[in-house]
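Here is the structure we will look at, set down as structure tokens.
Excluded from the calculations below are hydrogen atoms, water molecules and symmetry mates; all remaining heavy atoms, backbone and side chain alike, are included.
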There are 2 protein chains.
Amino acid sequence: MVMKSEIQVFREYIRGRRLRRTPEREQILQEIFEIHGHFDVDELHLRLRDKASKVSKASIYRALPLFIDCGLVREVDFSDGHWHYEHIYGHAHHSHLRCLGCGEVLEFVEPGLGLLEVHLAREYGYRIKGHQLQVHGLCATCQEAE
Amino acid sequence: MVMKSEIQVFREYIRGRRLRRTPEREQILQEIFEIHGHFDVDELHLRLRDKASKVSKASIYRALPLFIDCGLVREVDFSDGHWHYEHIYGHAHHSHLRCLGCGEVLEFVEPGLGLLEVHLAREYGYRIKGHQLQVHGLCATCQEAE
DNA sequence: AATGCAATTGAGAATCAATTACAATAATAT
DNA sequence: ATATTATTGTAATTGATTCTCAATTGCATT
Ligand SMILES: [Mn+2]
Ligand SMILES: [Mn+2]
Ligand SMILES: [Zn+2]
Ligand SMILES: [Zn+2]
């Protein structure tokens, strides 16, 4: 079975909720697919302006929750004062290792966290929705520069 | 060997850095020890006002990084738009399980994360400084209320 | 194709946590 | 005591995000 394209997923989501398909939303989504890695609202807005799109920041802020809600995008928390995002459709869930010096971000998969969720659910009677794990430190380069 | 008291730790930290020991800082620290659990700046400020202390929010914002720096306090990220804190001197490092419905926060220890840090350090050449793990879901009560 | 309704938009105002400038105060060293 | 300079409170500022509002536009129905 072939995977639906992101734009298909989004259109079906829109249709199923009496929302409207607009060029703004599709431009934003399109741009998000083309971003390799993590991004924030400012970056996304600048990239769109560079392509002569006139989408406003307000619309980006309004569109992101929709993409998150339909499983295309995820919030990433780098604890630096604003939200970052990444597209995740078809990507495995992963965690982030971030260098406090240069800001480099590496991704890794920690399989043990699935089990942990099961244990927590049993022990505390929770229905687990998800988790976020960030590890931070200094990359090799930034260690030398100290 | 007896553990130093928090106030001792702070005073030594102050002395070692040409900073000044002020009643404001010590009032704030004192209050933090008396808080059972997690708190934010507003809560802390209100509690101090209730005790007739006139410490300003600005001073709280200025003091917290000092307490964090000397290992007495930790930032806690509940991803709800502002920072939370907890005193940690003498407490084991732990993670948080948070209910998205009512905001309840449970603490748990996941010993596997120590090993994970070692692996990451080896594999990527990082010097690891720490990690944050938050799990979120719905508590038993909030599941029923759905 | 024209109509009506409600969703969406852009612009800018509002909000809110956190930071900062500034002048007054007060802690330490001499 | 005096000089030095860190710290304080107040109020202004910043920066990310949300909200307001009037104008526009998608879409279902004629
Ligand atoms: Mn990622
Ligand atoms: Mn805790
Ligand atoms: Zn680095
Ligand atoms: Zn709950």
Side-chain angles (χ1 to χ4, degrees), chain A residues 7 10-32 38-49 51-70 73-85 103, chain B residues 7 10-32 38-49 51-70 73-85 103:
Chain A
I7 198 79
F10 183 62
R11 286 180 181 163
E12 285 176 17
Y13 171 85
I14 286 291
R15 209 176 311 143
R17 309 212 160 202
R18 295 182 195 157
L19 301 178
R20 289 180 186 170
R21 183 175 152 186
T22 70
E24 289 82 1
R25 286 174 176 166
E26 300 209 341
Q27 280 167 36
I28 297 169
L29 190 52
Q30 173 66 35
E31 191 59 40
I32 287 175
H38 311 96
F39 63 91
D40 58 24
V41 169
D42 258 341
E43 255 175 85
L44 182 52
H45 187 233
L46 286 176
R47 287 182 63 127
L48 283 161
R49 303 210 82 214
K51 297 201 174 163
S53 165
K54 287 178 186 135
V55 193
S56 71
K57 263 193 199 174
S59 290
I60 295 176
Y61 276 112
R62 288 186 281 230
L64 281 169
L66 303 180
F67 304 148
I68 291 169
D69 196 41
C70 61
V73 168
R74 188 167 63 130
E75 286 175 307
V76 179
D77 186 352
F78 290 151
S79 299
D80 66 346
H82 65 279
W83 285 106
H84 298 250
Y85 304 86
Chain B
I7 198 77
F10 183 62
R11 285 179 182 164
E12 285 175 18
Y13 170 85
I14 286 292
R15 209 176 308 142
R17 308 213 160 201
R18 294 182 194 158
L19 300 177
R20 290 179 187 173
R21 183 177 153 183
T22 70
E24 288 82 1
R25 286 173 176 167
E26 300 208 340
Q27 280 167 36
I28 298 169
L29 190 52
Q30 173 67 35
E31 191 59 40
I32 288 175
H38 310 96
F39 63 91
D40 58 24
V41 169
D42 259 341
E43 254 175 87
L44 182 51
H45 186 233
L46 286 177
R47 287 182 62 126
L48 283 161
R49 304 211 83 214
K51 298 202 174 164
S53 166
K54 289 179 186 136
V55 193
S56 71
K57 263 193 199 173
S59 290
I60 295 176
Y61 277 113
R62 286 186 282 228
L64 281 168
L66 302 180
F67 303 149
I68 291 168
D69 196 39
C70 61
V73 168
R74 190 168 63 130
E75 286 174 308
V76 179
D77 186 352
F78 290 150
S79 300
D80 67 344
H82 66 278
W83 285 105
H84 298 250
Y85 304 86

Tell me whether the side-chain N or O atoms of B:R62 pair up with the base of D:dG9 as donor and acceptor below 3.5 Å, since no angle test is needed here.
yes

N/O donor-acceptor pair under 3.5 Å between A:R25 side chain and A:R20 backbone
yes

Decide yes or no for B:L66 and B:V73: does some side-chain heavy atom of the first lie under 4.5 Å from some side-chain heavy atom of the second?
no

Atom pair distance, as rounded to whole Å: OH in B:Y61 and P in C:dC16:
13 Å

Result block: side-chain N/O donor-acceptor pairs under 3.5 angstrom for residues 12-19 of chain B, not counting sequence neighbours:
from  : atom 1 : to    : atom 2 : distance (Å)
B:E12 : OE1    : B:K4  : NZ     : 3.3
B:Y13 : OH     : B:D69 : OD2    : 2.6

Check this for me: does any side-chain nitrogen of one of B:E24 and B:K54 sit under 4.0 Å from a carboxylate oxygen of the other?
no

Look for any protein N or O under 3.5 Å of an N or O in nucleotides 28-30 of chain C and output each such pair with its distance, or none.
from   : atom 1 : to    : atom 2 : distance (Å)
C:dT28 : OP1    : B:R21 : N      : 3.0

Between the base of D:dG26 and the side chain of A:R25, is one N or O donor paired with an acceptor at under 3.5 angstrom?
no

Rounded distance (Å) that lies between atom P of C:dT9 and atom CD1 of A:I60:
11 Å

Could you tell me how the ring of A:H38 sits relative to the ring of A:F78: parallel (under 30°), tilted (30 to 60°) or perpendicular (over 60°)?
perpendicular

Which residue lies more 5' along DNA chain D, comparing A:D42 with B:E24 via nearest heavy atoms
B:E24

Non-hydrogen side-chain atoms of B:E75 and B:Y85 separated by less than 4.5 Å:
yes

Hey, does B:K57 reach any base, or is it just sugar-phosphate, or nothing, if we go heavy atoms under 4.0 Å?
nothing

Donor-acceptor side-chain pairing of A:H82 and A:D40 below 3.5 angstrom
yes

Contacting residues from residues 73-82 of chain B, given that a heavy atom lies under 4.0 angstrom of DNA chain D:
none

